[in-house]
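So the structure is just underneath, and the comments pick up after that.
A note on names: the letters A, B, ... follow the listed sequences, proteins ahead of strands, and every chain is numbered from 1.
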Amino acid sequence: MFKQNLEKISYPKIEEEILKFWQENKIFEKSISTRDENRSFTFYEGPPTANGKPGIHHVMARTLKDLVCRYKTLKGFRVERKAGWDTHGLPVEIEVEKSLGIKHKSEVIEYGIEKYNQKCRESVFTYLDLWEKMTTRMGYWIDLDSAYITLDNKYIESVWWALKTLFDKGLIYKDYKIVPQDPKSETVLSSHELALGYRETKDPSVYVLFQRLDADEYFLVWTTTPWTLISNVALAVGPDIDYVKIKTNGKVLILAKDRLSVIDGDYEILEELKGKDLLGVEYEQLFDYCDVDRKAFYVIAGDFVSTEDGSGIVHIAPAFGADDYEVSKKYNLPMLQPVTRSGVFTDEVTDFAGQFVKDADNGIILKLKKEGKLYKKETILHTYPFSWRHQDVPVIYYARESWFIRTTSVAKRMVELNKTINWQPPEVGAGRFGNWLEENKDWALSRDRFWATPLPIWVSDDGDMFAVGSIEELKQGFIEDNGKRISVADVENLDLHKPFVDKILFERNGKIYKRTPEVIDVWFDSGAMPFAQYHYPFENKENFEKKFFPADFICEGIDQTRGWFYTLHAIATMLFDSVAFRNVIVNELILDKNGMKMSKSRGNTVDPFDLFDKYGADTTRWYLVTNSPPWRPTLFDEEALVEVQRKFFGTLVNTYSFFALYANIDKFNFSDSPVPYNERPEIDRWIISKLNALVEEYEKQMDAYDVTKAARAVSDFTIDQLSNWYVRRSRRRFWKSEMNKEKLSAYQTLYECLVTVAKLTSPFAPFIAEEIYRNLNTVTKKENYESVHLADFPSITYREPELEEKMDVAQKVVYLTRAIRAKNNLKVRQPLKRMMVVVEKDKRDALAKMKDVILDEVNIKELVVLDDDSEIVNKTAKANFKSIGPKFGKKVKAVAELIKNFGKDEIRRIESGENIETEIDGDKLLISKDDVEIMSHQIEGWVVESEEGVTVAIDTELNEKLIEEGLAREFVNRVQNMRKDAGFDVTDKINISFTGNAELVKAIINFSDYISNETLAEKLISEKITDGGFRQDWKIGDFECSIRIEKI
RNA sequence: GGGCCUGUAGCUCAGAUGGUUAGAGCGCACGCCUGAUAAGCGUGAGGUCAGUAGUUCAAUUCUACUCAGGCCCA
């Protein structure tokens, strides 16, 4: 027996059962182990940080990942996929700091790094349970048991191997760089971290006067960071920019000519000069807190100087700006940095010592004003980065010694390799990611924090250094305990984190080497996952090189462009001169219904678990994939989920239920051999052909990673073709009591459609697909798979394109006919005498063949295919612009008008292939057949409807017989409704008694065979209705009528 | 300020190598159909295809600019 009443079970409940089934029967494991080892499809899981709650956008990314992997499995690939967790880094530390009430980095040291890192380690797994639950519940198949975890020694060892390799290649170096840093955590921010904090803010915008040493003149200089003025060492001008010397308010000022608009009040231009004329001019130090050890305080050239804002003269503070630092190296300028790492002025700056630099702005401006060095002060609104973890803490650009990876040395290669990656959507790869690579800057690798992979570089007092690339090498080091050296090899439970690794020393050539204290950017951890997840090169060397690298497919959110996508790509390029991934789907954000970003503070987030409980994971997954392409921002709308469930899943399940209901009645179990396709009725061949067309389309889209189109195609087929046409049209064949070849063919056909649709649906909605597949296959045992996810992708078995086209025509005619009936208030139950169809010649044959389908569908007795040159067809002509456009150019409009006015005669001539000669503006023109579209819109005296070359007309005249038949149909309809209301089974036989007026009774009697047959009535008696049975009163047309039915 | 994307019906989305009737679903109104369907079908109302300019015989489609939204980068 096929399982029945599927439509009455809740989706979440089915899903729970399927989950149990998968688990108990290890279906996921089998979906890998049963696939050929030599046909691997490699997928990389981007490790989420498990210390935050999973949200709906994670469901989106995971759905995409899962469905591609499941699809590839269907296609016979072996898709091994390991889960992974990102466990290091500042986000983890921030959480721990919060819980410990730590506000500043120094407090961590007081608290104890060992204890602190232990807390970090513990906190990482706070949400792991939730993540695993979500992963399992949504049906995301990934190996959670063998998940890679970035804090594991093995993982770190692989990362160290990578770092040592880069170090030995000379790609890691130490330098000053101006880096954005979070003054609160005293930590350098990576560009991706920095990006999180940009927001609009008000800052002072001040114009400052720098006095020339050689003249009583002033340079007018603009800045939005007054606190950096204390560290000023030079002024930069654009050598080719025009400057002016002006007299205003009794002072002589120098500024760019294009910036004169910043001058308040009247001025007089004294002199015009080029920037290069100013080079070398010395000026008086603005504030004298700091001494310099080199020549400073003069005008230099800077190519970054613009006249878009400010005064065209840029103040240079090498410690606090990237451009500043670059240019200062060129001129060998001193660097003044009277600011601590936490953004506070040092004692040197006596007036502002201990003040946070941004807070000192006002005081500095006041001092300038007092000393007459301020020209004017305004406030500007601009975007400025703030710390992404500490609200209202502005990022400070600061010169720090840092370790860098020389990614610029492979920048070109990265660009080249990127061109071989298939990005979905392509513009992210070519545009966003490509541009980022073009502008590549060296990767700031080090972080002065605690909970991360330690940088494995050991340095001696004289600056000699080496990198350690394995635990084996580390064992050559020692630690000191009470003055005794203990070899690392003898240490139990090695932990490759701080503070332990900091205790390890090496002695080489009589020198002692100590580890540099920094840890590394967590993004290096995740970028190293292709090899680190397999502990390469210490283990799995062969498999890695053969199978696990590079990935065939990855998928993450757009926010990973500069994050994981970049680090994967950069590391793979540097280490293996290869891409890290061949195909990538980039998914966009999920916004709320109103297009707002979802965030905890807005309270508009969606809890995935709620959705799973309410609608099921399948519905959620299907919705996310089909609503809009994943690489477009999705506006999340819960009501649309309801619709998805009703429309697609409802229809699919009902189609299955229909099949199950009748297959059980007929004891169909597919034990007979299949009826050859070419022996099946037309409608069966048609749906099988359509089904195969769907498989083709699906495969094409999936292989192009356009998963939305693939899923939409499945949905359209299921709803429009399978359910609303095939099943509806074929219902009667299933009702028939006797089993014959024709009926067998119907069962086999519908069965095949359901199994195939289940397979195509399975990557997207793995639960319901499993349910349907198993319900079918367990009974028939047609395939030897215990799960749809172990099955093979359907192969193309049968196509009959001409038949598909024919049915298209028939469907079009039916739709038009129904439109006429609707417009003229002619119920479909009322049979009509005749319809006429006018079509183009090449479709006439198709139409004739589809006659029966059409007539049955629209309840009309006769179909006349009309010759379109028949007298009663009225034709009009229309210009074919595609043809006349290129031919007649400017005369198009006149020609079109001419064609529109063609009469019967011209149309006939054109149709017979004759050219029509005409004259416009004195030029002779020839209008040929291709230039004209002939339409047969009207048939004289008939109601018509037409569309794209098909015109349908129906004869609305009724006769007595037709009216009687209409009444009989109405009667059947009432009886059927009663059967349903009475709760009779579809196979129950009944007796009917009825009363009504003479006309109705006559109709019923005349059509009694038809009525009995339709309603499974043994007796159909016109009599006074007595008590008993199930009775209802009806109005049929204008007639009253009472009906009683009883089960026999 | 720069880069990329988006703007089509009240809402969510299709589509168009440039061609004269721009589609679907939801919602609304009316009607139909129902022996699987808490379904389905039809009709109707609803669109200056964001705006402006240009190229062209012809632009919603191509180009430029503008506006609005989003993301990324400064």
Side-chain angles (χ1 to χ4, degrees), chain A residues 4 6-8 191-192 194-195 198 306 308-309 322 382-385 425 427-428 430-436 438-439 557-559 561-562 588-589 591 593 595-597 626-629 631-637 639-640 642-644 646-647 650-662 708-709 712 715-716 719-720 723-724 727-728 731-732 734-735 814-829 859 878-896 947-948 972-973 975-977 979-980 984-988 1014-1016:
Chain A
Q4 270 177 252
L6 191 58
E7 71 279 7
K8 289 180 185 131
S191 47
H192 14 268
L194 186 67
Y198 274 92
S306 85
E308 300 220 330
D309 47 23
H382 64 162
T383 51
Y384 190 86
E427 63 268 14
V428 173
R432 190 175 286 206
F433 193 69
N435 290 344
W436 168 251
E438 306 263 355
E439 294 160 21
I558 182 84
D559 51 325
T561 311
R562 268 82 165 168
E588 257 283 358
L589 292 175
L591 309 168
K593 208 179 162 175
M596 303 291 276
K597 204 169 163 174
T626 54
N627 181 58
S628 68
W631 43 89
R632 291 284 153 72
T634 299
L635 304 189
F636 187 84
D637 182 6
E639 278 167 44
V642 181
E643 197 191 320
V644 160
R646 255 204 344 238
K647 290 204 68 115
T651 307
L652 179 60
V653 165
N654 279 321
T655 305
Y656 163 79
S657 296
F658 173 85
F659 170 85
L661 177 64
Y662 288 100
T708 303
K709 284 208 176 109
R712 283 176 176 169
S715 172
D716 289 349
I719 296 169
D720 296 338
S723 173
N724 283 339
V727 172
R728 200 171 45 76
R731 267 186 301 211
R732 287 173 175 269
F734 293 91
W735 304 340
V814 168
Y815 295 140
L816 289 172
T817 312
R818 285 210 278 248
I820 303 177
R821 294 192 85 119
K823 279 182 184 164
N824 295 281
N825 202 17
L826 297 163
K827 290 185 164 200
V828 177
R829 270 194 222 110
N859 195 19
K878 201 180 91 181
N880 177 6
F881 283 86
K882 250 183 187 163
S883 166
I884 64 169
K887 220 154 122 185
F888 301 126
K890 289 200 189 217
K891 299 196 184 73
V892 149
K893 274 185 184 153
V895 174
E947 185 193 286
E948 288 172 45
V972 168
N973 167 255
V975 174
Q976 303 293 27
N977 282 335
R979 287 186 62 118
K980 211 170 178 180
F984 292 177
D985 214 65
V986 292
T987 49
D988 289 339
E1014 289 291 302
T1015 59
L1016 298 185

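- Contact of S723(A) with A39(B) (side chain to base): no donor-acceptor pair of N or O atoms is detected under 3.5 Å.
- OP1 or OP2 of A39(B) has at least one side-chain nitrogen or oxygen of R646(A) nearer than 4.0 Å.
- Proximity of N973(A) to the phosphate of C33(B): no side-chain N or O atom is located under 4.0 Å from OP1 or OP2.
- A residue-by-residue look at I558(A) and R728(A) shows that R728(A) has its nearest nucleotide of RNA chain B further toward the 5' end.
- Residue contacts for V727(A): at a heavy-atom cut-off of 4.0 Å it reaches a base atom on one of the strands shown.
- Neither OP1 nor OP2 of G2(B) sits under 4.0 Å from any side-chain N or O of N435(A).
- When heavy atoms are screened at a 4.0 angstrom cut-off, I719(A) is found touching no nucleic acid atom at all.
- In this structure, the CZ atom of F658(A) is 12 Å from the P atom of G35(B), given to the nearest Å.
- Between the R728(A) side chain and the N724(A) main chain, a donor and an acceptor come within less than 3.5 Å of each other.
- Residue W631(A) contributes atom CH2, which lies 14 Å from atom C1' of C13(B) at whole-angstrom precision.
- Of the candidate nucleotides G40(B), A14(B), C33(B), G40(B) has the atom nearest to the side chain of K647(A).
- If you measure from atom OH of Y815(A) to atom P of C33(B), you get 18 Å, rounded to the nearest angstrom.
- A straight line from CH2 of W436(A) to P of C72(B) spans 13 Å, rounded to a whole angstrom.
- Atom-to-atom, CZ of F881(A) to P of U56(B) comes out at 19 Å; the value is rounded to the nearest Å.
- Atom CZ of F636(A) and atom P of U12(B) are 14 Å apart (whole Å).
- Distance from the side chain of N724(A) is smallest for C41(B) among the nucleotides C41(B), C33(B), A14(B).
- Here the side chain of N654(A) is nearest to one of C26(B), C5(B), A36(B), namely A36(B).
- The nearest heavy atom of RNA chain B to T708(A) and to E643(A) marks one nucleotide each, and the one closer to the 5' end goes with T708(A).
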Test R731(A) against F658(A) for side-chain contact (heavy atoms from CB on, under 4.5 Å), laying out the working first. CA-CA 9 Å; R731(A) 267 186 301 211; F658(A) 173 85; 3.7 Å; yes
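- In the interface, the side chain of R731(A) is paired with the base of U37(B) through a donor and an acceptor atom under 3.5 Å apart.
- Regarding contacts with the backbone of C13(B), every side-chain N or O of R632(A) stays at 4.0 angstrom or more from both OP1 and OP2.
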